[in-house]
Peer 1: 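My questions all concern the structure below.
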Amino acid sequence: VLVLDPLWAFWTPAISGPPLLDSLALGFLAPALLLAFAASRRVTIERRLVMAYAAGAAVFGVVWAVLETRRLFQGASLHIGIDPVGRAEVAAYALLGLLLTRGLFAAAGRNAGSLATISGPVRGVSRVVGWIALAFAVLAYGLLASPWWGPNGRPLQSQAAAMLLFGLYAAGAATAAWLIGAAAARGETLLSRASRLTALIIVFALLNLLTRWAFLGLDMRPNLLEASLQTWTFSAVWGLYGFGLLVFAVARREADLRWAGLAVLLGATAKVFLFDMAHLEGVVRAGSFLAVGALLLAAAVIARRLSGGALGFGRSKATDLG
């Protein structure tokens, strides 16, 4: 991990062998699997030794995952520094952090074997790692990995690179959503709600990037000549996303999703009045007002009917039971 780490290797090439079946697997993945196997045995051994096995497995496993991910993007000759790190690589690291959190929650929930004796410390570590992973995911997917508003203004290299980046966004959102139930099952209510919010943020960012890519292709950098149809499309996408969240939240009685849907709908409304009014003209401008107004009206009607139907069903059941 320290002396023979290929990031500062004095030999060339730093890594030998094909991806995923290279020297990294022998030097890092194999020790991680052996230590995890030792920590999970159904025998009674010293608690501190189990903690040492589990910590070693986590360290070797994380280092292997990070180095293997970097090898997939940078090749066998690794580099030190932040500048060569691309947008998809940053998104992949954020995904690794979310997957690590999910793995720690799974380890903390084991009720058999030696790991059951250290479930308390593992739960505490998973809580800390979870908050760090969610914060980094919001930073990575919300800013660093974005080819539109992120710090890397270079166009995407190809359509394949665009599909890879969008796929990593989708995987990040799915993994953050996967954490919701796991955190709630461990009694981490705030972490569960933060995971839900993180998933919603990633999906919202992905929808914006897909819309931008549909109009501009690989070069999504801001420009002063935005087409009126593109501006209207963003308003429609925001409105539909908020509308869908609000309807789903009312149907499932999820307060967090309801507030998120309302926030997106209010953002879409503010965009129409403050931005579209100044940049759109004619039929497109009128259509923007009508579309947002129709969405707000439909959301109010559907939310009222769903709430009334749910409450009415509850009263009928109570009456039948009485």
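These numbers come from a predicted model, not from an experiment.
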Peer 1: Where do Ala199 and Ala177 come nearest, in terms of heavy atoms and distance?
Peer 2: CB-N, 4.0 Å
Peer 1: Same cluster for Ile180 and Leu191 if Ile/Leu/Val/Met/Phe/Trp/Tyr side chains link at under 4.5 Å?
Peer 2: no
Peer 1: Considering residues at least two apart in sequence or located in another chain, which fulfil the side chain to side chain donor-acceptor pair (under 3.5 Å) criterion with Arg123?
Peer 2: none
Peer 1: Out of curiosity, Leu139 CG to Leu134 CG, how far, rounded to the nearest 0.5 Å?
Peer 2: 12.5 Å
Peer 1: Which atom pair, heavy atoms only, marks the closest approach of Ser235 to Ala268?
Peer 2: O-CB, 4.2 Å
Peer 1: Do Tyr169 side-chain atoms and Tyr141 backbone N/O form a donor-acceptor pair below 3.5 Å?
Peer 2: yes
Peer 1: For a quick test of reading the model, state the closest non-hydrogen atom pair linking Val3 to Trp8 and the distance between them.
Peer 2: O-NE1, 3.9 Å
Peer 1: Can you measure from CG (Asp5) to CG (Leu24) and round to the nearest 0.5 angstrom?
Peer 2: 8.5 Å
Peer 1: Determine the minimum heavy-atom distance between Leu168 and Ala92, stating which atoms define it.
Peer 2: CD1-N, 4.1 Å
Peer 1: Less than 4.5 Å apart, any side-chain heavy atom of Ser192 and any of Leu179?
Peer 2: no
Peer 1: Name the atoms and distances for all side-chain donor-acceptor pairs under 3.5 Å in residues 25-32, with sequence neighbours left out.
Peer 2:
none

Peer 1: Is the shortest heavy-atom distance from the side chain of Val129 to the side chain of Leu100 under 4.5 Å?
Peer 2: yes
Peer 1: Could you list all the ring-ring contact (aromatic ring centres under 6.0 Å, His included) pairs where at least one residue sits in residues 189-211, not counting sequence neighbours?
Peer 2: Phe204-Trp238, Phe204-Tyr241
Peer 1: Group every Ile, Leu, Val, Met, Phe, Trp and Tyr by side-chain heavy-atom contacts under 4.5 Å, then state whether Leu99 and Ile132 land in the same group.
Peer 2: no
Peer 1: Pro6 and Ala14: which non-hydrogen atoms are nearest, and at how many Å?
Peer 2: O-CB, 3.6 Å
Peer 1: Any donor and acceptor pair, going by atom type alone, linking the side chain of Arg154 with main-chain N or O of Pro147 inside 3.5 Å?
Peer 2: no
Peer 1: In Å and rounded to the nearest 0.5 Å, what is the CG to CG distance from Leu165 to Leu206?
Peer 2: 8.5 Å
Peer 1: Give, for atom CD1 of Ile15 and atom CZ of Arg70, the distance between the pair rounded to the nearest 0.5 Å.
Peer 2: 10.0 Å
Peer 1: So with a 6.0 Å cut-off around CD of Gln159, is the heavy-atom count from everything else above 12?
Peer 2: yes
Peer 1: Side-chain contact, heavy-atom cut-off 4.5 Å: Phe136 with Leu98?
Peer 2: no
Peer 1: Quick one: pull up OG in Ser146 and CZ in Arg212 and give me the separation to the nearest 0.5 Å.
Peer 2: 9.5 Å
Peer 1: Return the minimal non-hydrogen interatomic distance between Ala94 and Ala137, and the atom names on each side.
Peer 2: CB-CA, 4.0 Å
Peer 1: So if you build clusters from Ile, Leu, Val, Met, Phe, Trp, Tyr with side-chain heavy-atom gaps below 4.5 Å, do Leu20 and Phe60 land together?
Peer 2: yes
Peer 1: Can you find a pair of side-chain heavy atoms, one from Leu156 and one from Arg87, that are under 4.5 Å apart?
Peer 2: yes
Peer 1: Any donor and acceptor pair, going by atom type alone, linking the side chain of Ser126 with main-chain N or O of Phe105 inside 3.5 Å?
Peer 2: no
Peer 1: Side-chain heavy atoms nearer than 4.5 Å, only ILVMFWY residues, links allowed to pass through others: does that put Val50 and Leu34 together?
Peer 2: no
Peer 1: Can you hop from Ile201 to Trp131 via hydrophobic side chains spaced under 4.5 Å?
Peer 2: no
Peer 1: Look only at the side chain of Trp149 and the backbone of Leu144, and say whether a donor-acceptor pair between them is shorter than 3.5 Å.
Peer 2: no
Peer 1: Side chains of Val237 and Leu210: does their closest heavy-atom pair fall under 4.5 Å?
Peer 2: no
Peer 1: Report the C-alpha separation of Phe73 and Leu164 in whole Å, then their side-chain angles, then the decisive distance to 0.1 Å, and conclude whether the side-chain contact (heavy atoms from CB on, under 4.5 Å) test is met.
Peer 2: CA-CA 12 Å; Phe73 285 96; Leu164 174 62; 4.1 Å; yes
Peer 1: From Leu265 CG over to Leu246 CG, what is the distance, rounded to the nearest 0.5 angstrom?
Peer 2: 6.0 Å
Peer 1: Quick one: sort the Phe234 and Trp148 rings into parallel, tilted or perpendicular, breaks at 30° and 60°.
Peer 2: tilted
Peer 1: Go through it in stages, so that I can follow the logic: the residues are Leu200 and Leu257, the test is side-chain contact (heavy atoms from CB on, under 4.5 Å), and I'd like the CA-CA distance, side-chain angles, deciding distance and then a yes or no.
Peer 2: CA-CA 9 Å; Leu200 295 178; Leu257 291 179; 3.6 Å; yes
Peer 1: Does any part of the side chain of Asp22, heavy atoms only, come nearer than 4.5 Å to the side chain of Glu68, both counted from C-beta?
Peer 2: yes
Peer 1: Identify, with sequence neighbours excluded, every residue that meets side chain to side chain donor-acceptor pair (under 3.5 Å) alongside Tyr93.
Peer 2: Glu89
Peer 1: Between Trp259 and Glu254, do the side chains contain an N or O donor and an N or O acceptor separated by less than 3.5 Å?
Peer 2: no
Peer 1: Please check if the number of heavy atoms outside Trp178 that lie under 6.0 Å from its CH2 is greater than 12.
Peer 2: no
Peer 1: Given Val138, which of Ile202, Leu197, Thr198 fulfils the side chain to side chain contact (heavy atoms under 4.5 Å, CB included) condition?
Peer 2: Thr198
Peer 1: Could you tell me which residues satisfy salt bridge (charged side-chain N to carboxylate O under 4.0 Å, His left out) with Arg258, sequence neighbours excluded, listed by chain and number?
Peer 2: none
Peer 1: Strictly by ring-ring contact (aromatic ring centres under 6.0 Å, His included), give each pair with a member in residues 183-202 just once, sequence neighbours left out.
Peer 2: none
Peer 1: State, yes or no, whether a side-chain contact exists between Pro121 and Arg47 at a heavy-atom distance under 4.5 Å.
Peer 2: yes
Peer 1: Between Ser40 (side chain) and Phe37 (backbone), is there a donor-acceptor pair under 3.5 Å?
Peer 2: yes
